[in-house]
Every structure is written in structure tokens, then in C-alpha cells.
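Since the structure is predicted, the reported quantities are computational estimates derived from the model, not experimental observations.
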Amino acid sequence: TGDSYCEPFGVDKAQELFIAGTANSEVVEKALRPLGMKPVLNSEGRALVTLALVQYTKSAVGPYNEFLIMYAAQGQNENLG
């Protein structure tokens with residue numbers, strides 16, 4: 001829209017729902033590869049994933065909804081694993 005807002009971005013009111021589970025490790029690995037990352041796996045070899053649904057009812061840019069997919073990940077260089 002071309003609008004600009006000052007940092008820090010403010011959220012005064014929000015509701016959140018987090019759902020944790022696992023996903024196919026090959027699919028997650030493919031998604032993370034361009035970032036130089038690999039998934040953290042559980043004892044069954046599945047990737048750890050969290051879904052988040054957020055409803056911001058009062059923020060610096062007005063109300064809006066957000067959907068996030070978060071993978072537990074680690075770097076692939078020798079210092080990170």
C-alpha cells in the first residue's frame with residue numbers, strides 16, 4: 001500500500017493458537033535446504049513442526065490475521081551440527 005510505520009511495531013491485543021507436531025522429514029529438509037538449514041528430528045526420524053494461528057485485533061497497522069509454519073532447524077556447517 002505504500003504506507004510506512006515506525007519501529008518497534010506495536011501489537012496491543014492478539015489471540016494465538018499453537019499446534020505442535022511432526023512432519024515428513026524429507027519434505028521439511030527440501031524446504032530448508034535453500035536456507036542452509038536442516039530439520040531437527042525426533043526419535044522416529046520425523047521433523048518437529050509448529051503451526052500458529054494469530055488474530056491481531058489491535059496493532060499499529062490495524063487488525064489482521066497471520067498463519068505461521070515453524071520448523072525446528074539447525075545449520076549445516078561444522079560449527080552448528
Side-chain heavy atoms of M37 within contact of Q74, under 4.5 Å
no
Determine all donor-acceptor pairs shorter than 3.5 Å in which one atom belongs to a side chain in residues 55-68; sequence neighbours excluded.
from: Y56; atom 1: OH; to: E66; atom 2: OE1; distance (Å): 3.1
from: T57; atom 1: OG1; to: K13; atom 2: O; distance (Å): 3.3
from: S59; atom 1: OG; to: V61; atom 2: N; distance (Å): 3.3
from: S59; atom 1: OG; to: G62; atom 2: N; distance (Å): 3.3
from: S59; atom 1: OG; to: G62; atom 2: O; distance (Å): 2.6

Hydrophobic side-chain clustering at under 4.5 Å (ILVMFWY, transitive links): who's grouped with V40? Put none if nobody.
L48
Considering non-hydrogen atoms only, spot the tightest contact between V54 and A14 and give its length.
CG1-CB, 4.3 Å
Residue pairs meeting ring pair (Phe, Tyr, Trp, His ring centres under 6.0 Å), one or both in residues 28-55, sequence neighbours left out, come to none
List the atom pairs, with distances to 0.1 Å, where a side-chain N or O of residues 16-33 and a protein N or O form a donor-acceptor pair under 3.5 Å, not counting sequence neighbours.
from: T22; atom 1: OG1; to: R46; atom 2: NE; distance (Å): 2.9
from: N24; atom 1: OD1; to: E26; atom 2: N; distance (Å): 2.8
from: N24; atom 1: OD1; to: V27; atom 2: N; distance (Å): 3.1
from: S25; atom 1: OG; to: G45; atom 2: O; distance (Å): 3.3

